[in-house]
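Heads up, the thing below is written out as structure tokens.
Residue numbers begin at 1 in each chain, while the letters A, B, ... track the order of the sequences. The basis for the numbers below is simple: all heavy atoms, side chains too, and nothing from hydrogens, waters or symmetry mates.
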Amino acid sequence: MVRVLCVAEKPSIAKAVANHLAGQARAENVRGIQWVKNYKFDFGFDRWGQCSVTFTCVAGHIVEQDFGERYKKWTSCQPAALFEAPIESRIAAARKAVATNIEAEARYASILYIWTDCDREGEHIGTEIRDIALKVNPNMQVWRARFSNIERAHVIRASQNPVRLDEAQAQAVSARIELDLRLGVAFTRMQTLALQNMIPQQSEDRNKLISYGSCQFPTLGFVVDRYLRVRNFIPEPFWYIRVAHTKDDIDVKFNWRRGHLFDRMAVILIFERCLLAKSAKVIKMAKKPTAKWKPLPLTTVELQKMGSRFLRMTSEDVMKVAEDLYTKGWISYPRTETDQFDPGINLRALVGKQTQDGQWGRFAQNLIDGEFQQPRQGRNNDKAHPPIHPVNYIVPTTLNERERTVYEFVVRRFLACCSKDAVGEATDIEIDYGGEIFHAHGLTVIARNYLEVYRYDRWESSQVLPQYTVGETFEPTEANMHDGETTAPAYLTEPELIGLMDANGIGTDATMADHIAKIKKREYVIARTKTGGGAAGRGRGRGRGGARGGRGGRVGAAAAQNGGGDTGGVQEFIPTTLGIALIEGYDNMGFETSLSKPFLRKEMEVQMKAICEGRTTRNDVVQQNLEQYRAVFNRTVQQIHVLKSAVTKYVVNANHG
DNA sequence: GCAAGGTC
């Protein structure tokens with residue numbers, strides 16, 4: 001019988017696919033690794049007939065790239081030499097047993113069938129597996145499965161339609177690996193050696209490390225950018241008009257359509273026109289149904305944003321806990337960009353597992369009893385993993401506190417997705433007063449629906465507004481001119497930072513939390529827990545700040561209508577003097593695009609796509625980038641005084657003063 | 001003592 005060796009990227013895929021193909025596969029232990037099993041079974045492939053199959057896995061990359069011995073020691077070469085120093089590939093120390101297992105199985109198989117994730121990194125991992133297998137058995141045929149989820153029918157279809165590895169995608173990753181290594185290590189050594197004597201030692205036995213990385217620097221850049229905007233903020237006064245009217249014992253406040261103006265004289269003139277008009281006329285009185293949409297299926301980025309906003313955990317902790325819940329089998333794979341459920345998945349069955357819970361069980365039961373609605377479809381699909389959802393019920397009290405918090409969030413989010421939008425009625429009233437438009441907005445929540453289970457969203461009825469009729473006129477009970485001033489934006493919070501990284505392609509969903517943790521560890525930023533609520537998305541500078549100090553009083557706006565509900569405990573980031581000095585130093589070097597900005601990383605992403613599409617080659621991209629960065633590197637060395645003087649200004653002086 | 005990306 002033909003022997004086929006299948007290799008997945010991680011244990012869960014190997015197990016799921018093997019069991020789909022086999023019915024029930026026999027799991028054999030592998031020496032030296034508890035979490036890898038070799039699943040053995042027979043299977044009929046259209047192409048090769050009845051085969052004897054071993055289905056095993058790796059755990060991410062197996063091969064590691066590093067500089068050779070000669071360049072390992074910091075003092076052994078100039079950092080600039082790392083732009084061309086030879087790079088060696090070897091099996092990572094922690095992956096020896098995995099590689100040995102593949103070698104052992106490959107010796108007896110004639111076909112290698114690769115089942116790594118269908119993304120760029122998966123394609124590269126596939127080539128790593130192939131190289132290891134071909135070394136012991138050069139005659140193997142190499143194939144690859146194209147699959148985008150692990151639903152049974154899909155997997156079986158994929159198994160019968162093998163394709164070839166996509167070399168271009170693997171090459172794109174290879175370019176990324178080489179560039180990140182050379183640039184990261186070269187700049188890290190250079191700036192550490194140049195600056196470490198100016199900076200207090202981190203601890204007695206360890207020298208301060210001043211690292212550079214294509215992701216950590218832009219991440220730091222976002223924090224510094226916001227900090228400088230806060231520090232350089234100059235409040236601007238503004239003026240506005242507010243009208244109130246009491247009807248049916250209800251005090252209705254009308255807001256000025258223009259919001260506010262920064263010209264006091266202009267507001268005075270308009271205000272006088274209003275007063276002259278004496279009476280206001282209702283020009284719109286509309287009640288219309290409105291809804292608050294239920295959330296989209298959960299992606300990794302969203303989990304980290306929501307986690308750092310509502311669960312009093314850092315994004316790093318949220319990911320750690322989510323990975324734990326995944327390996328224990330309670331939730332699905334936590335690294336996904338997909339916000340749409342595959343039509344094949346049995347969502348009702350998953351909801352059904354939650355009916356036994358004391359807190360959300362009744363809600364789940366109601367869904368089963370008829371309230372269930374298909375989740376919304378987002379726009380993202382990584383074709384590898386479904387949205388994050390609970391796969392099994394676990395009594396929350398048997399989990400530790402952090403696990404419980406994350407599990408509860410995943411479950412509530414999932415149940416919310418399978419529920420209905422919240423329904424309400426919006427009332428909009430507009431009046432014309434001296435030629436100016438003022439409006440009042442009211443909301444009555446009619447059915448909370450998904451909000452019953454998803455307590456992270458807020459949507460509450462406002463004060464009930466009285467009935468007006470279009471054409472009706474009245475004399476306002478109160479008409480006042482108020483003043484206020486714009487308020488500085490707040491420091492960058494963790495959910496905001498994750499949003500910026502995501503939008504700018506800094507890191508991947510799986511690594512964003514690592515980069516944030518790294519700039520903390522390097523002491524480029526400090527994280528501090530924000531107290532009180534109302535954190536995110538506030539005050540983006542001019543004109544958005546709340547109106548403070550209005551003399552007429554009663555200026556404080558009602559609570560945020562939407563998405564508020566911050567419980568406090570959000571992390572906010574403030575750069576250290578060292579962090580500011582690094583960013584300012586590079587910004588002052590006069591490069592077209594500073595290393596602190598996200599553009600270089602974005603550009604690398606564009607070039608990786610070009611490699612994938614065959615428009616350029618791996619070597620061209622690597623050579624061109626190395627050339628470009630070598631120029632930046634050399635100029636940085638020549639102008640190291642610019643960097644040093646920023647460090648002097650922010651770190652040295654700050655510590656003596 | 002260095003990067004970023006997989007994953008356990």
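- Computed from coordinates, the A:E121 CD to B:dA4 C1' distance equals 8 Å when rounded to whole Å.
- Nearest to the side-chain atoms of A:I125 among the listed nucleotides B:dT7, B:dG6, B:dA3 stands B:dG6.
- Taking a centre distance below 5.5 Å and an interplanar angle below 30 degrees as the stacking criterion, A:W74 stacks against the six-membered base ring of B:dG1.
- Closest heavy-atom contact between A:I87 and A:E178: CD1-CG, 3.8 Å.
- Note on A:R601: only backbone sugar-phosphate atoms sit closer than 4.0 angstrom, heavy atoms only; bases stay farther off.
- Across all strands, A:T192 comes closer than 4.0 Å to base atoms (heavy-atom distances).
- Among the heavy atoms of the strands, none lies under 4.0 Å from A:K328.
- Contact record, A:P334 with A:T300: O-OG1, 2.6 Å, taken as the closest heavy-atom pair.
- Residue-level contact check: A:Y71 touches neither bases nor backbone, having no heavy atom under 4.0 Å from any strand.
- In this structure, A:I506 places its CD1 atom 14 Å from C1' of B:dG5, rounding to the nearest Å.
- Within 4.0 Å (heavy atoms only), A:F217 reaches no atom of the nucleic acid at all.
- The minimum heavy-atom distance between A:T338 and A:T299, with the atom names listed, is O-CG2, 3.5 Å.
- At most 12 non-hydrogen atoms from other residues, nucleotides or ligands lie less than 6.0 angstrom from CD of A:E69.
- To the nearest angstrom, P of B:dC2 lies 21 Å from OH of A:Y629.
- Listed nucleotides: B:dG6, B:dT7, B:dA3. Nearest to the side chain of A:K10: B:dT7.
- Using a 4.0 Å cutoff on non-hydrogen atoms, the parts of residues 507-517 of chain A near DNA chain B are A:G507, A:T508, A:A510, A:T511, A:H515, ordered by number.
- By the ring pair (Phe, Tyr, Trp, His ring centres under 6.0 Å) test, A:Y212 pairs with A:F187, A:F217, sequence neighbours left out.
- With B:dG1, B:dT7, B:dA4 as the choices, the nucleotide that has an atom nearest any side-chain atom of A:L209 turns out to be B:dG1.
- Within the nucleic acid shown, A:Q196 comes within 4.0 Å of at least one base atom, counting heavy atoms only.
- Separating the CD atom of A:Q216 from the P atom of B:dC2 is a distance of 11 Å, rounded to the nearest angstrom.
- Annotation: A:R164, atom CZ; neighbour count of heavy atoms from other residues, nucleotides and ligands within 6.0 Å is above 12.
- As rounded to whole Å, 11 Å separates atom C1' of B:dG5 from atom NZ of A:K518.
- Each of A:T327 and A:I177 has a nearest nucleotide on DNA chain B; the 5'-most of these lies closest to A:I177.
- The side chain of A:S211 contributes an N or O atom lying less than 4.0 Å from OP1 or OP2 of B:dA3.
- For the residue pair A:T511 / A:D514, no side-chain donor-acceptor distance below 3.5 Å is found, with atom types taken as modelled.
- Residue contacts for A:R176: at a heavy-atom cut-off of 4.0 Å it reaches a base atom on one of the strands shown.
- Residue-level contact check: A:P79 touches neither bases nor backbone, having no heavy atom under 4.0 Å from any strand.
- No engagement by A:Q34 is indicated, since no non-hydrogen atom pair under 4.0 Å with the nucleic acid exists.
- Among the atoms of the strands shown, base atoms are found under 4.0 Å from some heavy atom of A:Q65.
- The nearest heavy atom of DNA chain B to A:A59 and to A:S214 marks one nucleotide each, and the one closer to the 5' end goes with A:S214.
- Remark: C1' of B:dG5 and CG of A:D117 are 13 Å apart, rounded to the nearest angstrom.
- As a whole-Å value, the separation of A:I13 CD1 from B:dG6 P is 15 Å.
- Residue A:R335 places at least one side-chain N or O under 4.0 Å from the OP1 or OP2 atom of B:dT7.
- Scored by the ring pair (Phe, Tyr, Trp, His ring centres under 6.0 Å) test, A:F83 finds A:F633 as partners (sequence neighbours excluded).
- B:dG1 atom P lies 11 Å from atom NZ of A:K72, rounded to whole Å.
- Partner of A:Y629 under the side chain to side chain contact (heavy atoms under 4.5 Å, CB included) criterion, out of A:L179, A:L600, A:T636, A:N634: A:L600 alone.
- Contact annotation for A:Y212: backbone-only contact, meaning every heavy-atom pair under 4.0 Å involves sugar-phosphate atoms and none involves a base.
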